[in-house]
Structures are given as structure tokens and as C-alpha cells.
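Down below is the structure, laid out as C-alpha cells.
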Amino acid sequence: IVFIQLCNALNARSEKTSIFKMKFFSNKSLLLALLSSFLICLAIVEIPFFQVYLKTSALDIWDWVIVVACGFGIILLEEIRKLFKRKNEK
């Protein structure tokens with residue numbers, strides 16, 4: 001869920017403009033926050049010290065594939081919504 005929300009935050013920089021038409025590094029503060037959040041999540045899930053105290057367990061490669069696919073899936077859905085919004089405004 002966290003990775004999906006991080007991808008959603010990246011895509012929410014504009015209500016109508018496609019994420020692929022925007023400059024990737026235009027909001028460095030957001031990118032730093034997203035990277036920091038992802039690294040904290042990664043540490044919580046993968047580092048044994050945190051696993052013990054936070055009662056998490058490591059994900060295998062297929063779990064990470066699902067996480068990334070879901071994150072990119074939300075980007076795809078949002079891009080489709082933006083496309084319809086741009087078409088309906090014309």
C-alpha cells in the first residue's frame with residue numbers, strides 16, 4: 001500500500017498533465033520525500049533488527065514484483081483518467 005501511495009504522489013503533481021510530459025526533477029523536495037519514504041519502508045521490511053521489533057517479514061522477489069506492478073498499475077490508471085479529463089475539456 002505504501003508503494004502504491006508513493007507512486008500516486010508522484011503522479012498527483014498535476015491534475016491534467018501526464019507524468020510522462022512533466023520534468024521528472026521539477027519537484028526535488030517531493031522526490032527526496034518519496035525516496036526517503038521508500039528507503040524507510042525497505043528497511044522496515046528487509047532489515048532483521050526492524051523485523052523483530054515491528055513484526056514484519058522479508059519479501060521475496062515475487063512479492064516485490066507484485067508491489068512494483070501494483071505501483072505502476074496505479075500510475076497507468078491515473079494516466080487513463082487524465083487522458084479522459086483532457087479529452088472531455090476540449
Side-chain angles (χ1 to χ4, degrees):
I1 292 174
V2 172
F3 190 73
I4 291 171
Q5 288 300 337
L6 294 176
C7 290
N8 196 35
L10 186 63
N11 209 12
R13 294 183 299 160
S14 172
E15 182 70 23
K16 294 183 277 185
T17 305
S18 170
I19 191 173
F20 303 110
K21 291 185 179 178
M22 295 171 50
K23 292 182 181 178
F24 186 75
F25 294 104
S26 63
N27 189 340
K28 291 181 179 139
S29 298
L30 176 64
L31 292 177
L32 181 62
L34 294 175
L35 179 62
S36 300
S37 297
F38 177 72
L39 291 175
I40 290 169
C41 275
L42 189 63
I44 288 170
V45 171
E46 297 296 332
I47 296 177
F49 173 80
F50 293 120
Q51 291 174 350
V52 170
Y53 291 103
L54 298 172
K55 301 196 185 318
T56 61
S57 58
L59 300 178
D60 65 24
I61 189 68
W62 294 112
D63 294 329
W64 282 111
V65 167
I66 292 169
V67 167
V68 171
C70 289
F72 289 129
I74 200 70
I75 289 175
L76 177 63
L77 290 173
E78 183 64 11
E79 287 299 312
I80 292 169
R81 186 201 63 78
K82 287 180 182 183
L83 178 66
F84 281 115
K85 184 168 180 91
R86 287 190 304 268
K87 297 264 185 201
N88 287 336
E89 287 183 350
K90 292 183 178 181

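One is the number of the first residue; the rest follow in order along the sequence. Since we're looking at a predicted model, the values are computed, not measured.
Residues Glu46 and Trp64 approach most closely at OE2-NE1, 3.0 Å, considering heavy atoms. In plain terms, the two heavy atoms of Gly71 and Cys7 that are nearest each other are O-CB, 3.5 Å.
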Arg86 vs Glu15, salt bridge (charged side-chain N to carboxylate O under 4.0 Å, His left out): CA-CA, chis, key distance, verdict: CA-CA 10 Å; Arg86 287 190 304 268; Glu15 182 70 23; over 6 Å; no
Step-by-step salt bridge (charged side-chain N to carboxylate O under 4.0 Å, His left out) determination, Lys16 to Glu89: CA-CA 10 Å; Lys16 294 183 277 185; Glu89 287 183 350; 3.5 Å; yes
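Once rounded to the nearest 0.5 Å, the distance linking CG of Leu10 with CG of Asn27 reads 9.5 Å. With rounding to the nearest 0.5 Å, the separation of CD1 in Ile66 from CG in Leu59 is 9.5 Å. Taking NZ from Lys82 and CD1 from Ile75, the interatomic distance works out to 9.5 Å, rounded to the nearest 0.5 Å. Put simply, CD1 on Ile19 and CD on Glu78 are 9.5 Å apart, with the number rounded to the nearest 0.5 Å. Annotation: the span from Phe20 atom CZ to Asn11 atom CG amounts to 7.5 Å, rounded to 0.5 Å. With rounding to the nearest 0.5 angstrom, the CG atom of Leu30 is 9.5 Å from the CG atom of Leu6.
Linking ILVMFWY side-chain heavy atoms closer than 4.5 Å, directly or via other members, places Val2 and Leu54 in two distinct hydrophobic clusters. Cluster annotation: Tyr53 and Ile47 are assigned to the same hydrophobic cluster (Ile/Leu/Val/Met/Phe/Trp/Tyr, side-chain heavy-atom contacts under 4.5 Å, transitive). Phe50 and Val52 fall within the same hydrophobic cluster, where Ile, Leu, Val, Met, Phe, Trp and Tyr residues are linked whenever their side-chain heavy atoms come under 4.5 Å apart, directly or through other members.
In this view, Lys55 satisfies the salt bridge (charged side-chain N to carboxylate O under 4.0 Å, His left out) rule with no residue, not counting sequence neighbours. With sequence neighbours excluded, the residues that form a ring-ring contact (aromatic ring centres under 6.0 Å, His included) with Phe38 are Phe3.
A 4.5 Å side-chain heavy-atom check between Ser14 and Lys21 finds every atom pair outside the cut-off. Contact annotation: the side chain of Phe49 never approaches that of Ile44 to less than 4.5 Å [non-hydrogen atoms, C-beta and beyond].
Through direct or relayed side-chain contacts under 4.5 Å between Ile, Leu, Val, Met, Phe, Trp and Tyr, Phe84 connects to Leu76, Ile80.
Within a 6.0 Å radius of CD1 in Ile1, no more than 12 heavy atoms belonging to other residues, nucleotides or ligands are found.
The main-chain N or O of Val45 is found under 3.5 Å from a side-chain atom of Gln51 such that the two form a donor-acceptor pair.
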